[in-house]
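It should be emphasised that the depicted structure is a prediction, and the values quoted were computed from it without experimental measurement.
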Amino acid sequence: MTLRVKVIPRSARSEIVGELEDGTLKVKIAAAPEKGKANEALRTLLAEHYGVPKSGVVILSGHG
């Protein structure tokens, strides 16, 4: 499954907020977008939400 995700870093807590009009998943992440911390927090949140191992969640683009 491939998901398009809009990430809002440095939020009060990590949570899936909802969906945008185009189907993009809107996610708030508590971690800062530095040294991959927000990406790792996103992978953890999505893995827990979908009930898959964290290793099964891969960021294809937008990571840096």
Side-chain angles (χ1 to χ4, degrees):
M1 169 191 303
T2 302
L3 299 172
R4 183 178 297 247
V5 181
K6 168 70 175 174
V7 177
I8 300 145
R10 292 190 179 120
S11 297
R13 63 181 178 193
S14 295
E15 62 183 336
I16 296 174
V17 180
E19 249 183 55
L20 301 176
E21 289 182 17
D22 66 354
T24 300
L25 195 62
K26 186 174 180 182
V27 178
K28 290 184 177 181
I29 296 294
E34 49 193 38
K35 298 183 182 176
K37 292 178 185 176
N39 288 336
E40 286 305 307
L42 175 65
R43 290 180 62 221
T44 300
L45 180 69
L46 292 176
E48 290 173 0
H49 180 76
Y50 289 105
V52 298
K54 186 175 170 183
S55 62
V57 178
V58 179
I59 298 174
L60 298 176
S61 68
H63 59 289

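- Grouping the Ile, Leu, Val, Met, Phe, Trp and Tyr side chains by contacts below 4.5 angstrom, directly or via other members, places M1 apart from L20.
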Hey, can you pull the donor-acceptor pairs under 3.5 Å for the side chains in residues 45-60, sequence neighbours left out?
| residue | atom | partner | partner atom | Å |
| --- | --- | --- | --- | --- |
| K54 | NZ | E40 | OE1 | 3.0 |
| K54 | NZ | T44 | OG1 | 3.4 |

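- For S11, there are no side chain to side chain donor-acceptor pair (under 3.5 Å) partners two or more places apart in sequence or in a different chain.
- Shortest non-hydrogen contact noted between A38 and P33 is CB-CA, 3.9 Å.
- Each salt bridge (charged side-chain N to carboxylate O under 4.0 Å, His left out) pair with one or both residues in residues 17-34, not counting sequence neighbours, appears once here: R10-E34.
- By the criterion of side-chain heavy atoms lying less than 4.5 angstrom apart, applied directly or through intervening Ile, Leu, Val, Met, Phe, Trp or Tyr residues, I8 is not grouped with L42; the two fall into different hydrophobic clusters.
- Applying the side-chain contact (heavy atoms from CB on, under 4.5 Å) test to A30 and every residue at least two apart in sequence or in another chain returns S14.
- Put simply, I29 and I16 are part of the same group of oily side chains (I, L, V, M, F, W, Y) that touch within less than 4.5 Å, one to the next.
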